[in-house]
Amino acid sequence: MCVICGCSTGTPGAVHQHGHDSDPAHPHAHPHQHDHHHRHEPAPDHGDLHYGQGPARVSVPGMSQARAIRLEADVLGANQRIADANRAHFKGHGVVAYNLVSSPGSGKTTLLCATIEALKVRAPGLPVGVIEGDQQTTNDADRIRATGAPAIQINTGKGCHLDAPMIAEAFARLPLHGHHHHGHGHDHTHAVDPSLLLIENVGNLVCPAMWDLGERAKIAILSVTEGEDKPVKYPDMFAAARLMVLTKVDLLPHLDFDVAQCIAYAQRVNPDIEVLLVSAKTGVGMDAWMDWLLQDAA
């Protein structure tokens, strides 16, 4: 898990090494819940290895389960405080923020570009900003900027996810930050014009699931080229998402992808998850996608 393997080093609350294991009765609450509402059926004994069945749900060489829990609680707790501040900040600016999460190649950036173009027609007065997360390059931010929308690229280096401090700094550089009608005291009681912030997280179906950025909701993007079993293979991500968008559905006639089974898997780990089928290339499902995005911004 990225919280304790080192990639979060350098962020507030980053992991530091101790010479002793933590007390299992340490009073810190575990800030990340893992109740996925699904059952694990007994499996035949083939000698398979399951390293996620301890209390910490992760195995790190040389580290006890209690210490892993302690470190995760400390790091995620520090992130959560900034995420809560981001959420209040967004509310004060009238910003509805969504966190798009997926594996690499799911079509997030293509969907975002099509979304921005569609919003020019559906909601021409709605300000839109984008925060792009990748390990390296500004390729995706450049694609977004080509549509005319402002975008800030965050390169995480060895990091496998965006965190709340990164989002706070990037948001301060977007024009949306100045899109409000009240002073910087952030009373949060003044009327503000709505705006939309779309955060494209680093391509990764594991680590971003546990990091709150202050968003209104996580949106899990899954392309039909990836396999319908991804929701049960990576349950934390789909359990954390409010919406699953199946992309590249124009390719379904050429693929062996069971849409109904994929939805059933997603609902197994998250009975409340909503599902949309979209093709950014042909426009199929884009109206329903627009309706979903604009329901809060309205």
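This chain uses plain numbering: 1 for the first residue, then up along the sequence. Atoms considered below: every heavy atom in the structure, side chains included; atoms not considered: hydrogens, waters and symmetry mates.
The minimum heavy-atom distance between Lys218 and Ala209, with the atom names listed, is CE-O, 3.6 Å. Contact detail for Cys262 and Leu222: the closest heavy-atom pair is SG-CD2, 3.5 Å. Taking all atoms of both residues into account, the shortest heavy-atom contact from Arg143 to Thr110 is NH2-OG1, 3.0 Å. In this structure, Leu112 and Glu200 approach most closely via the heavy-atom pair CD1-OE1, 3.4 Å. Heavy-atom minimum distance, Val224 versus Phe257: O-CD1, 3.1 Å. Nearest approach of Gln153 to Glu132, heavy atoms of both residues: NE2-O, 3.4 Å.
Other residues, nucleotides and ligands contribute more than 12 heavy atoms inside 6.0 Å of the CG atom of Asp142. Enclosure of atom CG in Asp48 by more than 12 non-hydrogen atoms of other residues, nucleotides or ligands within 6.0 angstrom is indicated. By the neighbour-count criterion of 12 heavy atoms within 6.0 Å, atom CD of Glu169 is sparsely surrounded, having that number or fewer from other residues, nucleotides or ligands.
Judged by distance alone, the side chain of Asn155 and the main-chain N or O of Gly157 form no donor-acceptor pair under 3.5 Å. The backbone N or O of Gly94 sits nowhere less than 3.5 Å from a side-chain atom of Asp193 that would complete a donor-acceptor pair. No donor-acceptor pair under 3.5 Å is formed between the side chain of Arg145 and the backbone N or O of Asp140. Using a distance-only test at 3.5 Å, with no hydrogens or angles considered, no donor-acceptor pair links the side chain of Asp163 to the main chain of Leu213. Between the side chain of Asn204 and the main chain of Cys160, a donor-acceptor pair closer than 3.5 Å is present. Side chain of Asn86 to main chain of Ala164: a donor-acceptor pair is present (N/O by atom type, distance under 3.5 Å, no hydrogens or angles). Not one N or O on the side chain of Gln267 forms a donor-acceptor pair closer than 3.5 Å with the backbone of Ala264. A donor-acceptor pair is defined here as one N or O able to donate and one able to accept, closer than 3.5 Å; such a pair exists between the side chain of Asp258 and the backbone of Ala260.
Thr115 is listed as a side-chain neighbour of Trp289, based on a closest heavy-atom distance under 4.5 Å. In this structure the side chain of Phe171 reaches within 4.5 angstrom of the side chain of Leu197, judged on heavy atoms. The shortest side-chain heavy-atom distance between Leu111 and Lys108 does not fall under the 4.5 Å cut-off. Glu215 places none of its side-chain heavy atoms less than 4.5 Å from the side chain of Tyr98. Residues Leu196 and Leu198 are in side-chain contact: their nearest non-hydrogen atoms beyond the backbone lie under 4.5 Å apart. Trp211 has its side chain out of reach of Leu162: every pair of non-hydrogen atoms, C-beta onward, lies at least 4.5 Å apart. Side-chain atoms of Val101 and Met237, non-hydrogen and from C-beta on, do get closer than 4.5 Å to each other. Put simply, the side chain of Asn201 reaches to within 4.5 Å of the side chain of Asn99, judged on heavy atoms.
To the nearest 0.5 Å, atoms OG1 (Thr109) and CD1 (Ile221) are separated by 10.5 Å. For the atom pair CG of Asn270 and CG of Asp236, the computed distance is 11.5 Å after rounding to the nearest 0.5 Å. A distance of 9.0 Å separates CD of Gln295 from CZ of Arg216, quoted to the nearest 0.5 Å. Expressed to the nearest 0.5 Å, how far NZ of Lys158 lies from CD of Gln136 amounts to 11.0 Å. With rounding to the nearest 0.5 angstrom, the CE atom of Met63 is 12.0 Å from the CZ atom of Arg70.
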Test Arg268 against Val232 for side chain to side chain contact (heavy atoms under 4.5 Å, CB included), laying out the working first. CA-CA 8 Å; Arg268 181 189 301 181; Val232 288; 4.1 Å; yes
Criterion side chain to side chain contact (heavy atoms under 4.5 Å, CB included) on Ile131 and Leu174, from CA distance to verdict: CA-CA 9 Å; Ile131 296 175; Leu174 281 172; 3.8 Å; yes
How far apart are the C-alpha atoms of Thr156 and His161, what are their side-chain angles, what is the distance that settles it, and do they pass the side chain to side chain contact (heavy atoms under 4.5 Å, CB included) test? CA-CA 7 Å; Thr156 61; His161 61 272; over 6 Å; no
Kindly list each side-chain donor-acceptor pair under 3.5 angstrom involving residues 119-128, sequence neighbours excluded, with atom names and distances?
residue, atom, partner, partner atom, Å
Lys120, NZ, Glu117, OE1, 3.2
Lys120, NZ, Glu117, OE2, 3.4
Lys120, NZ, Thr147, O, 2.6
Arg122, NH1, Asp291, OD1, 3.3
Arg122, NH2, Asp291, OD1, 2.7

Indicate every side-chain donor-acceptor pair of residues 243-255 with a distance under 3.5 Å to a residue at least two apart or in another chain.
residue, atom, partner, partner atom, Å
Thr247, OG1, Ser106, O, 2.7
Lys248, NZ, Gly105, O, 2.8
Asp250, OD1, Ser279, OG, 2.8

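Residues Arg87 and Asp84 are paired through a salt bridge, judged by an N-O separation under 4.0 Å between the basic side chain and the carboxylate.
In this structure, His89 and His93 have tilted ring planes: the angle between them lies in the 30° to 60° band.
For residues 103-137, the set of pairs meeting the ring-ring contact (aromatic ring centres under 6.0 Å, His included) definition, not counting sequence neighbours, is empty.
Here the two rings, on Tyr265 and Phe238, have centers that are 6.0 Å apart or farther.
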